[in-house]
Amino acid sequence: MNKIKSGLWDRRRCDFAFEHRQVSKQHCQIYFDENNKKVFVVDGVLSFSFGECSRVRVSLNGVFVDGVRVENGEIKELSAGNEISVVCGNEGVCSVGVRIGFVVDRIVIHANPFNVIGESGSSKLVNAGLLSSKCRRILSSDDPVLYIRECSTNPCKLRAKYVSRNRLKNNYCFTPAKFSSRPASKSHSCEGLTINGSKNTCLSNAGRQNLHTSYGHNCTASDSNAELLRCSVNGDHLQQSVNVRVPIGNSLSIDNPRDIYTCEEKFVQSDELLKPKKRGVCVPPPGNKFYLNRLHFMDNCPSDEVNVTLPELLYPVETLKQIFIATFTSDLSWFLSYCEIPAHLPIAVACHNAERCWSSSPDKRTLRPYSNFPNLVVIYPQFPEVISFGKERKKFGIGCHHPKLFVLQRDDTIRVIITSANLVAKQWLQVTNTVWWQDFPHANVPDYVSLFAKSSTEEVNLDSKSDFAAQLAGFMATLLVGVPDQAHWILELTKFDFSNALGHLVASVPGIYSPKHPYISESLHYLTDDRCTPRPLKCMLLGSVEASVVGISHLFRTSADTNGALLKRLALVIGKCHVNAYGLLEIILRRNLNIATDANAISVAISNSEELSDGDCIQVGFLPRDVAKWVAPLSDAGLLAFSAYIYPKEVLACALEGSNNKAHLILYAYQGPNFFNISKLVSPALASAMCSLVASIQRCSGLWRLHEILGHYKWPEQWETDFTFGSSSVGAVNAPFLAAFSAATGKRSLQLSESEESDPDWGCWSASQELRNPSIRIIFPTIERVKTASCGIWASKYILCFSQKTWLSLKHLGILHDAIPHPIDRIRHPMHVKVARRRFQSRTDTSSFGWVYCGSHNFSAAAWGRPIHSSPVIKSNEDSRSKSVLGSRLHICNYEFGIVFIVPPSENKHHTEKHQSNLDDITLPFVIPAPRYRPMDTPATKFAMSNAFAALAVQERERNVESVDVEEEIPDEEEEVLEVPNVLIEEKEDDKVYAEKLWGSN
C-alpha cells in the first residue's frame, strides 16, 4: 500500500501541506492498493506494523468526499470526479468560510517494470510480465533492430516512461501565486537518468491550494531534448503526470508567460516531423469502436493505446483507385505532400466556402486548383435556399459544410473513414480527434437496390445497419449533385458489400424536412419507357421524393379562363376522383416529347378514370425543371418507373386567381423493367441522373435519423448510469432542443399513471421535464483548462465555439462538466472530438449496454436539426411526431456525418448487434465521469477566451499570431440563431418562368 499524507505545514511528516489552522498536522492519508488497483482516502493516519494496522488519530475538522464525511475507521474509495475537502465545504452548514481540498481529475495506473528496492536503487526486480510484453512488441515491430536501438540508445526515453509517476518523493507546500524554477537540492542517479529534486517554497493561502511539482529528467545520452514530468493540481483540479517536451535547460515561471504557454511549434514546424515517422504500416480497423489520431509528440514505440496517422489510414497509397473526401477546412498542399499522393490519382474533395456554397451556378461550386494534379477536383456543396433568411432570401443563412469523411476505393475493397479531424495538419498532428474506419469487400455482382433505404419503418428498425450503403450513397449524392463527372461514385458503391457494417450511419443534410410519406407499394399509373402505363407493375418500391407541381395558376388565371369553365371542370374531375386513406390523389405523369423548350418536360394530369382518355383527364401543370431533368432520362431508359400523388385541396387553392402557393407532389420511384441492366445501359448522363435520384430520395436526417436508429429500443430508464455529449462546439441550445435530442435517443419519462396511457404523448420526454430533471451532461473544457494547454489559448481559438449567451442560459441547469482528455498523455492538448454516450447497467449484470456516437456533429441544433411544431399545411398522414417534442418538421443547417455503435438491451440482442457485448469496451476520449463545473468555473466561451487574450503579454500574443495557420482561421461552427426562418411555401419565380415557356410550347 503506497501512502501519501496530507496535513499542516510539516515537511517531515506530510507529502502535501496546507498552511491553514483548520487543517490538522496529519489530516488524512491517500492509499494506492497495488493489488486491486484502487485509490482510497482515510481520515487521520494509519500505520502498519508487522502486517497489522493501527490508527494514530483522526483529524479535528474531518475529511469529506463530495460533501459526505468519511466516518471514523472508514476507508473511502476515490474515483475520477470526486471532490475531497479537508474541512467542511458546506457553507450552509459549517461556519468555516473556506474550502480547502482538491478534485480528482483522473486516476491512471502506470506499470513500473523496474521496482527499485532501497534508496540507492542498487537492487532491482524485473517485472517479467511487462518485459515479456516488451519482447512481443519488439518481435511484432516492422524493424525490431531499429526499435531496440531507439529504446536502448536513449535510456531517458524508456525510463522516464516507466518511472513511478503517481508517487512524489519530496515535500512541497503549494500556492497559486508562485510557480518558479527551483535550484537542485540533490541528485539521484539511475542508469543515465538524473532526477533533480527541488526546494520547498510556501506562501500563505487560506483558500484552495494549487499544486505544482516538476522533475527535470536529463539524459546523458541526449543532447537536444528531454522530458519534463509534471504533476499539478490546477485550481482544484488534480492533473496526473503529463509528458511535455521542452528544450533542456528551460524552466517554467509564472512571471514569464512565454514559458507557461510554450508552444511546441519547434517540434512541429520541422520538415522531418511534418513527414510521418513510419510508413508501410497497416493498422487493423477498430471494429465497433473508434481510435484516436496519433499526435506529433508521440513516439512510435507501441503502447496500450491504439492510435493512427493519416498516412497509415491511406496505406498503401499506391493501390488506391480513387479518393473521396468531405471536410470543413482543408490544406490540400499539405495533404498531397504529407501522404505522398500520386499526381495521377483521382481525388474529389468537398469542403466549405461561405460564398461558393450559396451559389446557384454549378461552375462556381467546383474548382481544379493544381495543374500538376489534373484529377483533383474541389467541390463546394450547395446550401438550399429554404434555409436562408432575410428579406427576399438575400441574407445567407446559418449553413456549414462540416462532415469529415474519407472513402478510399481499391480494386478489391473500399474503406470508409469517419473522423472528427479536418483535412489540415494541426488537426491531425496537434489536436485529439476520433477516427473510425471499416473495409468492405468487393461484391460478386453490383447491388443497385442497396442505394435505397428500406421503405417501411418496420423494415428499418429490424435491421437498420443494412441501410449502411443507402445512407452513405445518399449523403455522398447530395454533395455531388451538379458535378456530373463525379456522379459515377454513386454507382461505384454498388460494387461492394456493406452488409457486415458494424455501425449505423447518421447524416445531416441542410433543409426543412417533413415526415416520410406513406408507404404505397402499388399504383395504377406508372411513367416508364417514355410513356404512362395504366397497369400495375410488379416492381419493388425504392423510395419517395418530395416535389411540386409548377404552372397551375397559368391555365386557370382570369385572362385564360374568363368564365371560370376550366376551374369548374377541375373541381368536377377532382370531386369524382378517389382519394386514398392518406388524403392523396394519384395523378398521371406524361412525357412531352414534342416540347422544344425542354426535352425532359413531364406534364402532370388528373383523371377520374383508370383509362387514359383525353376526355377524362385535365392537365394542371408540369414537374419542376430540376426534377424532370433526372426523372425523364431514367424513365426513358426503363431503369425506373414513377408514380405521383397530390393533395387535391392544394391544387384547387393554387388554381385560384392570385395564389402563389406551391402544390406538393409526392413522387414514388420503383424498379423499372431494365433496372438490373443498369451496368450495361449506364452512361455519364444516366449516372448523373441516378446520383440526383439517390440524393432526392426521402430519408431521415439529423435528430429524426437518430430516432429511427435508437427510438425503437426499450431502454430501461431506471438503469441509466450516464448520458453525456462532449463536443468542441455548443450551439444556441435551449430546453426544447435538449428534450428533443433526449427523446430522439429513446429517452422516456417514468410515468405510471394509467389515465395518461390514452394520451398519444404519454411517456414522451418533454421540455418541461428537461428543465425539472436535466438528462444530458455537456462536456466542454473550462477556460482554465484551455489556458494550461501546451500551446496556450491559441491552440483552441478556432476549435472551440460556445457563446456567452448560451452559457448564461444553461448555467442554472448544472449540466456543464469539464473536458479532461483521456488517456493521460493527451492532457494539455486540445480536443476536437464529438462523442456522445448513453450507458445502462443492470444491478444483476456486470456488462453495460447502450450506445456511443462519434463523428462531426457538434451539440447544436444547426447540426442535428431544430424541430418545428407548426406546419403551414395540415396533412392527414402526419404521424404522432407532429405533436411530440421532435416536431412536425425539422430544420437542419449543416452537412454532418457520423456513426452510432449500439449494444442493445438483453431482450434485443437477437438482432444484428452481435459484435459488441459490453459498452465499456468503447473507450471515450475524455474522463468519465467528468467533474461538474464548480461555481467559479467558466467554459472556454469566445468571451472568456477574449478576456484571456487581453491578459496575456504582448510578446506572447505576437508570438502565437505568427504561428496560426491562416487556413484554420475559421470558427469550427458559426453561432446559430435560435429562431427558425419564416418559410413560405410559395412557387419559385424560376419555376413560374419555366412553366410559362412549357405552356407556350405545349
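FYI, side chains are in, hydrogens and waters are out, and symmetry mates aren't considered; it's all heavy atoms of this structure.
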Quick one: does [X]'s side chain get under 4.5 Å of [Y]'s, heavy atoms only?
| X | Y | value |
| --- | --- | --- |
| Ile899 | Cys854 | yes |
| Cys801 | Lys942 | yes |
| Phe64 | Arg69 | yes |
| Val835 | Phe290 | yes |
| Arg777 | Pro929 | yes |
| Phe102 | Ile30 | yes |
| Arg838 | Glu720 | yes |
| Ile815 | Leu738 | yes |

Without hydrogens or angle criteria, can the side chains of Asn433 and Ser420 be said to hold a donor-acceptor pair below 3.5 Å?
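Yes, a side-chain donor-acceptor pair sits under 3.5 Å.
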For the residue pair Asn894 / Ser508, report whether a side-chain donor-acceptor contact shorter than 3.5 Å exists.
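Asn894 and Ser508 do not have a side-chain donor-acceptor pair below 3.5 Å.
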Any sub-3.5 Å donor-acceptor pair from [X]'s side-chain atoms to [Y]'s backbone N or O?
| X | Y | answer |
| --- | --- | --- |
| His891 | Ile868 | no |
| Asn947 | Ala944 | no |
| Trp436 | Gly287 | yes |
| Ser796 | Ile793 | no |
| Lys797 | Ala795 | no |
| Asn422 | Phe328 | yes |
| Ser809 | Thr806 | yes |
| Asp818 | Pro931 | no |

Please state whether the rings of Trp807 and Phe802 are parallel, tilted or perpendicular, taking 30° and 60° as the class boundaries.
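The rings of Trp807 and Phe802 stand perpendicular, inter-plane angle above 60°.
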Mind telling me whether Phe859 and Phe725 have parallel, tilted or perpendicular rings, with 30° and 60° as the class edges?
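Rings of Phe725 and Phe859: tilted, as their planes differ by 30° to 60°.
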For [X] and [Y], work out which heavy atoms get closest and say how close.
| X | Y | value |
| --- | --- | --- |
| Pro867 | Leu890 | N-CD1, 3.8 Å |
| Pro821 | Val927 | O-CG2, 4.1 Å |
| Ile783 | Met945 | CD1-CG, 3.7 Å |
| Ala507 | Phe475 | CB-CD1, 3.7 Å |
| Pro925 | Thr434 | CG-CG2, 4.4 Å |
| Ser860 | Val733 | CA-CG1, 4.2 Å |

If you apply the rule side chain to side chain contact (heavy atoms under 4.5 Å, CB included), what do you find for Leu771 with Leu813, and how did you get there?
CA-CA 7 Å; Leu771 288 172; Leu813 296 178; 4.1 Å; yes
Answer yes when Glu717 and Lys747 have at least one side-chain N-carboxylate O distance shorter than 4.0 Å, and no when they do not.
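Result for this pair is yes, salt bridge flagged.
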Carboxylate-amine/guanidinium proximity below 4.0 Å for Glu896 and Lys834
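No, this pair does not count.
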Phe840: which of Tyr713, Trp851, Phe849 passes ring-ring contact (aromatic ring centres under 6.0 Å, His included):
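Single pass found, and it is Phe849.
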I would like to know whether Ile892 and Tyr513 meet side chain to side chain contact (heavy atoms under 4.5 Å, CB included); could you show each step before the answer?
CA-CA 8 Å; Ile892 298 177; Tyr513 298 94; 4.0 Å; yes
So, applying side chain to side chain donor-acceptor pair (under 3.5 Å) with Asp722, which one of Arg837, Gln841, Arg839 is it?
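By the side chain to side chain donor-acceptor pair (under 3.5 Å) criterion, Asp722 pairs with just one of Arg837, Gln841, Arg839: Arg837.
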From [X] atom [atom1] to [Y] atom [atom2], the distance as rounded to the nearest 0.5 Å:
| X | Y | atom1 | atom2 | value |
| --- | --- | --- | --- | --- |
| Asn293 | Arg826 | CG | CZ | 5.5 Å |
| Ile902 | His504 | CD1 | NE2 | 3.5 Å |
| Ile799 | Gln427 | CD1 | CD | 5.5 Å |
| Cys893 | Trp864 | SG | CH2 | 15.0 Å |
| Tyr798 | His832 | OH | NE2 | 14.5 Å |
| Leu816 | Lys811 | CG | NZ | 10.5 Å |

Give a yes or no on whether the ring-centroid distance for Phe723 and Trp715 is below 6.0 angstrom.
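For Phe723 and Trp715, the ring centres are not under 6.0 Å apart.
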Step-by-step side chain to side chain contact (heavy atoms under 4.5 Å, CB included) determination, Phe780 to Leu810:
CA-CA 13 Å; Phe780 193 84; Leu810 297 177; over 6 Å; no
Quick one, Ile418 with Leu505, criterion side chain to side chain contact (heavy atoms under 4.5 Å, CB included). Give me CA distance, side-chain angles, the key distance, then yes/no.
CA-CA 10 Å; Ile418 299 174; Leu505 295 181; 3.5 Å; yes
